[in-house]
K.L.:
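First the structure, which I've put down as structure tokens, then a few questions once you've had a look.
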Amino acid sequence: MTNVGTTTDLRSVRFRREREAGWKRLEALVAQVERKGMRHLSFDEARELTSTYRQTINSLSVAREISLDHALLTYLENLAARAYLVIYAPQASIGSLITKLLVSGIPHAFRRSVPVLTIGFGLMIIGALIGFALVSGDSTWFYTFVPGELAGDRGPGASRAALETSLFGQDTLHQNALAAFAAYLISHNTQVAILCFALGVFWTLPTAFLTFYNGTILGAFVAVFAEKGLGYEVFGWLSIHGVTEISAICVAAAGGAQLGLAMLLPGEMTRKDALRVRGRDATKLLILAAIMLFAAGILEGFLRQLVQSTELRLLIGWGAGALWLCWLLFSGRGAKG
Amino acid sequence: MSRKPQKSAAEFNRDHLKREQKKMLLITPPEGVPLLFRRASLGARLGAQLLDLLITYGSLLLLAFLVTYLSWASWFSETTEALFAILAFLVRAPYYILTELVWNGRTIGKRIVKIRVISVNGRRLDPHQVVVRNLMKEAEVFLPIMLVIGVMTSSGWVKLAMAVWLLFVFAVPLFSRQNQRLGDMIAGTCVVEQPKIALAKELTERTHVATEKFVFEPHHLEHYGRFELQSLERILRDPARSQAAYDRDKEVARTIAKKIGFTDRIADMEASEFLSSFYGAQRASLESGQIFGDVREDKLHGKNGKSW
């Protein structure tokens with residue numbers, strides 16, 4: 001007896017010979033799915049896919065124990081990983097995902113987020129009140145709050161007539177409604193909303209500051225108009241898209257606050273886990289904010305300069321607000337989250 | 001003054017193994033057998049990202065060029081401009097989210113580079129994860145870049161702050177454990193490579209003919225362990241048939257013969273034959289040892305793997 005068994009007796013060789021057909025079959029099926037998608041599999045093929053996948057996973061775990069053949073092992077690792085990705089692929093179509101998000105996902109997240117929404121809306125309102133009070137008392141405060149490019153010719157020094165034109169006159173810059181809409185998309189408030197959300201990770205502080213600061217800008221603007229006796233008109237002018245748009249900023253801020261609270265008060269979880277858990281609702285709030293900003297863009301682009309009556313502006317603005325609230329409060333009740 | 005001690009072979013092997021393991025990511029699917037993925041290199045990810053930018057903005061530019069070139073000049077008004085502004089908005093986060101949803105974690109750029117996003121919890125990639133990692137990309141990278149370039153702001157302080165922020169953002173994947181960027185961490189995802197590996201031939205089947213020529217005694221086969229066997233496997237699987245490969249085989253055969261005390265003459269021509277027949281015998285011996293619990297990781301087995 002010289003040789004330690006002949007090579008054909010190797011357990012690993014027998015192991016491979018017995019299972020190789022199954023692996024090859026799986027490889028072919030996986031390649032087919034990778035090329036054409038799961039939908040092109042027949043019923044039998046789909047069943048075969050899962051059974052050969054289980055066999056291969058089984059082989060892999062045995063091979064890790066017994067096989068000294070590195071090439072075989074890497075092949076099995078690779079095949080198992082590929083098959084895993086084919087089998088654990090998303091099953092819902094894009095359409096049904098979107099429907100689910102709109103019907104139950106977003107409204108549920110909204111209703112779960114009452115505390116942070118209070119933070120978002122609260123800071124905005126407090127900011128607006130303080131801005132209004134300060135500028136009403138001393139109009140030079142205006143320049144402290146409002147950056148020059150945003151103010152345009154609507155500062156405290158402007159005449160009543162000039163202010164009135166800015167409320168009711170035609171916007172000469174954007175004749176075209178679509179152009180106005182596009183300009184809007186990349187405008188100030190969209191950026192503010194994105195920043196309010198993203199910076200929330202830093203313990204909510206930047207979000208709180210930004211939201212509050214935007215509130216003061218808002219308050220300062222209203223104060224300037226109110227001083228000239230245009231308070232009611234400016235309220236209408238702001239309402240038509242502002243109800244939706246400013247709410248969108250507050251919602252984005254609430255999303256940011258979700259992230260910030262995960263950092264501040266992670267509870268029993270690690271901060272990373274807390275971010276992941278709270279991130280689910282935060283993202284939905286951000287998507288909601290994006291939808292609202294989009295809607296506000298349409299309102300601003302098409303309706304603001306078109307609708308000249310303050311009453312109608314108020315009606316459209318707050319009507320839209322009521323519709324948002326109806327959707328968010330009543331949609332998806334009784335459905336599983 | 002002490003000189004830095006020379007690395008022993010065992011230490012070298014261990015370090016090598018550690019480095020390799022660092023590049024891998026273990027995912028445990030519900031079946032309970034952990035699967036190994038190789039993390040995508042940062043270069044590949046950057047490449048995929050640049051390709052995606054090229055594809056999205058490239059097609060946008062092409063469209064703009066076509067519109068102007070085909071002399072719809074009258075049409076090229078504020079309306080087209082606005083349309084392009086909206087399209088430019090859509091080729092950002094929405095593009096990445098949609099492609100990664102449709103192709104299960106692969107944008108077009110990632111498909112070309114053959115990398116993909118997977119969920120680290122072993123479940124299927126959740127739409128929520130896709131949305132989060134791409135929205136975060138918007139906030140992490142795109143918005144700061146635009147601000148640094150000077151779109152939307154002219155304040156030097158903002159630009160400076162954003163530049164610092166960008167440095168931080170780009171440093172995160174360099175230092176995080178799984179090379180994740182911030183968005184990946186929050187979403188619980190990781191980008192991995194996915195090459196296709198074909199099943200190589202069974203090496204021992206070739207040794208049928210050679211078994212008679214070289215005969216190994218049990219004491220020949222107790223020197224090496226798994227690590228050396230797999231190094232030999234790599235040499236045997238090397239398809240190169242050059243003079244250099246031939247010389248290497250000769251050298252390796254001579255070293256092995258010396259180590260195991262194999263005294264029969266090995267002709268120069270037979271070096272690779274010797275190697276494959278030794279591979280077969282050594283593997284058989286290690287495997288049968290393994291059945292009885294005698295696992296030999298490398299040639300230092302039974303010596304605590306510490307020193308010679």
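As the structure is a prediction and not an experimental result, all values here were calculated from the model. To find a chain, count down the sequence lines: A is the first, B the second, and so on, and within it residues start at 1.
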K.L.:
Tell me, side chain or backbone of Glu20(A) under 4.5 Å from chain B's heavy atoms, or both, or neither?
P.N.:
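For Glu20(A), side-chain heavy atoms alone lie under 4.5 Å from chain B.
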K.L.:
Using heavy-atom distances under 4.5 Å, tell me whether Leu182(B) contacts chain A through its side chain, its backbone, both, or neither.
P.N.:
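Neither part; nothing is under 4.5 Å.
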K.L.:
Quick check on Ile57(A) against chain B: is it the side chain, the backbone, both or neither that has a heavy atom closer than 4.5 Å?
P.N.:
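Both parts, heavy atoms under 4.5 Å.
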K.L.:
Decide yes or no for Ser67(A) and Glu287(B): does some side-chain heavy atom of the first lie under 4.5 Å from some side-chain heavy atom of the second?
P.N.:
no
K.L.:
How many angstroms lie between CD in Gln230(B) and CG in Leu73(A), if you round to the nearest 0.5 Å?
P.N.:
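Result: 7.5 Å between the selected atoms.
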K.L.:
Just by distance, do the side chain of Asn104(B) and the backbone of Val86(A) share a donor-acceptor pair under 3.5 Å?
P.N.:
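Such a contact is absent between Asn104(B) side chain and Val86(A) backbone.
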K.L.:
Please report the interatomic distance CG(Asn121(B)) to CZ(Arg276(A)), rounded to the nearest 0.5 Å.
P.N.:
8.0 Å
K.L.:
Between Tyr53(A) and Glu31(B), is the side chain to side chain donor-acceptor pair (under 3.5 Å) condition met? List the steps.
P.N.:
CA-CA 10 Å; Tyr53(A) 170 65; Glu31(B) 287 81 26; 3.0 Å; yes
K.L.:
Per the salt bridge (charged side-chain N to carboxylate O under 4.0 Å, His left out) rule, what does the pair list look like for residues 84-96 of chain A, sequence neighbours excluded?
P.N.:
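Pairs touching residues 84-96 of chain A that pass the test: none.
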K.L.:
If you apply the rule side chain to side chain contact (heavy atoms under 4.5 Å, CB included), what do you find for Asp126(B) with Arg280(A), and how did you get there?
P.N.:
CA-CA 11 Å; Asp126(B) 192 330; Arg280(A) 296 194 86 86; 2.9 Å; yes
K.L.:
At a 4.5 Å cut-off on heavy atoms, which part of Leu286(A) comes close to chain B: side chain, backbone, both, or neither?
P.N.:
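The side chain, not the backbone.
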K.L.:
First locate atom CG of Leu68(A), then atom CD of Gln290(B), and finally report the distance between them rounded to the nearest 0.5 Å.
P.N.:
5.0 Å
K.L.:
Quick one: does Asn78(A)'s side chain have a donor or acceptor within less than 3.5 Å of a partner on Lys196(B)'s backbone?
P.N.:
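No: the side chain of Asn78(A) does not pair with the backbone of Lys196(B).
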K.L.:
Would you check if the side chain of Tyr84(A) reaches a backbone N or O of Gly122(B) as a donor-acceptor pair within less than 3.5 Å?
P.N.:
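At least one qualifying donor-acceptor pair exists.
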K.L.:
Has Glu77(A) got a side-chain atom pairing as donor or acceptor with Leu35(B)'s backbone, closer than 3.5 angstrom?
P.N.:
no
K.L.:
Between atom CG of Leu36(B) and atom CZ of Arg64(A), what is the distance when rounded to the nearest 0.5 Å?
P.N.:
5.5 Å
